[in-house]
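Sequence lines set the chain letters: A, B, ... in the order given, protein chains first and strands last, and positions in each chain run from 1. Source: prediction; values computed, not measured.
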Amino acid sequence: DAGVIQSPRHEVTEMGQEVTLRCKPISGHDYLFWYRQTMMRGLELLIYFNNNVPIDDSGMPEDRFSAKMPNASFSTLKIQPSEPRDSAVYFCASSPGGQGRLLGNIQYFGAGTRLSVL
Amino acid sequence: AQTVTQSQPEMSVQEAETVTLSCTYDTSESNYYLFWYKQPPSRQMILVIRQEAYKQQNATENRFSVNFQKAAKSFSLKISDSQLGDTAMYFCAFTYSGGYQKVTFGTGTKLQVIP
């Protein structure tokens, strides 16, 4: 498997614009996570899905952020409108459910999207 | 709620030497997993090693080993024969066993291997 695939790798946009980040999890993984990483706050969990259903979105900073998982192989994180303080690296990760839990819920990360909002 | 603390923001080690990264955590549960993840300059988070709390034996993966002290809630990572490719951020992480999937990460330790 190619691993977790995120796109784009880098995104530069202007304040007020809509930004959409994309993620393709590892095939067969039941869980998908979106994280944000900044120097100030470290790695923060924004939201996670189980079998395409959002389970915990308590980390989503505000209504400008939304995430969807229309099917098992695709998820998006959208920011509308974007602000400079949203500048960060956004990671997607996936984890196998079922027997995978016996392995300790290991998460497999994508390479991240570096977002810069000017 | 569980917390994970890494008290060493930055460390350095000479190539071929041994270095130990510290991690402590807080939980009231007895069944859980602990991890060390590595984030090199390429940004991709990679699992280095994991430990199951119910196992007393410390996990090892080649040059990487842990010192798991359950009573003290301590989980340190030892890197032997350090290599330049070990230069990275290292994150300690915790998750409960069972169905709950949320993982809590520490703030990270930046390790620099010096030639």
Side-chain angles (χ1 to χ4, degrees), chain A residues 2-6 8-11 23 25-26 29-51 53-59 88-115, chain B residues 1-10 23 25 27 29-55 57-59 61 66 68 75 88-110:
Chain A
V4 176
I5 299 173
Q6 289 187 248
R9 183 98 163 116
H10 304 278
E11 177 78 36
C23 175
I26 293 173
H29 281 192
D30 293 341
Y31 289 83
L32 183 139
F33 306 82
W34 281 101
Y35 291 90
R36 177 172 68 177
Q37 186 179 38
T38 61
M39 289 293 293
M40 291 297 295
R41 301 174 70 90
L43 197 62
E44 303 174 274
L45 176 65
L46 300 177
I47 185 171
Y48 79 93
F49 295 82
N50 179 22
N51 292 324
V53 176
I55 302 300
D56 184 349
D57 65 354
S58 59
V89 179
Y90 291 81
F91 286 99
C92 176
S94 69
S95 178
Q99 291 298 311
R101 290 205 295 271
L102 299 177
L103 300 177
N105 306 333
I106 296 171
Q107 297 193 2
Y108 298 83
F109 284 77
T113 295
R114 180 177 294 281
L115 173 64
Chain B
Q2 69 275 14
T3 59
V4 177
T5 302
Q6 294 180 250
S7 59
Q8 305 153 313
E10 295 188 26
C23 173
Y25 59 94
T27 181
E29 298 290 327
S30 59
N31 296 320
Y32 50 86
Y33 294 93
L34 294 160
F35 310 88
W36 279 98
Y37 280 88
K38 169 185 177 181
Q39 186 179 37
S42 65
R43 278 199 330 238
Q44 181 130 25
M45 296 275 281
I46 304 165
L47 179 68
V48 174
I49 199 166
R50 71 180 182 93
Q51 174 78 39
E52 300 164 57
Y54 66 87
K55 288 188 176 180
Q57 185 174 7
N58 289 324
E61 287 288 342
V66 299
F68 175 48
F75 183 61
M89 281 286 287
Y90 287 81
F91 293 91
C92 180
F94 170 103
T95 187
Y96 291 116
S97 60
Y100 190 53
Q101 291 277 324
K102 189 172 180 178
V103 177
T104 299
F105 288 85
T107 52
T109 295
K110 185 176 181 180

Side chain, backbone, both or neither: which part of B:Gln51 has a heavy atom under 4.5 Å from chain A?
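The answer is neither part of B:Gln51.
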Per-residue contact mode, B:Phe91 against chain A (heavy atom under 4.5 angstrom):
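Just the side chain, heavy atoms under 4.5 Å.
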Looking at CD of A:Glu44 and CZ of B:Phe105, how far apart are the two atoms once the value is rounded to the nearest 0.5 Å?
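Output value for this atom pair is 12.5 Å.
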Using 0.5 Å steps for rounding, measure from the CZ atom of A:Phe109 to the CG atom of B:Leu47.
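One gets 9.5 Å once the value is rounded to the nearest 0.5 Å.
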4.5 Å side-chain heavy-atom contact, [X] and [Y]:
| X | Y | result |
| --- | --- | --- |
| A:Ile106 | B:Tyr37 | yes |
| B:Gln39 | A:Phe91 | yes |
| A:Leu43 | B:Met45 | yes |
| B:Arg43 | A:Arg114 | yes |

Locate the shortest heavy-atom distance separating A:Gly110 from B:Gln44; write the atom from each residue and the value.
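That would be C-NE2, 3.7 Å.
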Which bit of A:Arg41 comes within less than 4.5 Å of chain B, counting heavy atoms only: side chain, backbone, both or neither?
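Neither part.
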Given heavy-atom pairs under 4.5 angstrom as the criterion, report whether the side chain, backbone, both or neither of A:Gln6 touches chain B.
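Contact with chain B involves no heavy atom of A:Gln6 at all.
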Between B:Val103 and A:Tyr35, does a side chain to side chain contact (heavy atoms under 4.5 Å, CB included) hold up when you go through it step by step?
CA-CA 11 Å; B:Val103 177; A:Tyr35 291 90; 4.1 Å; yes
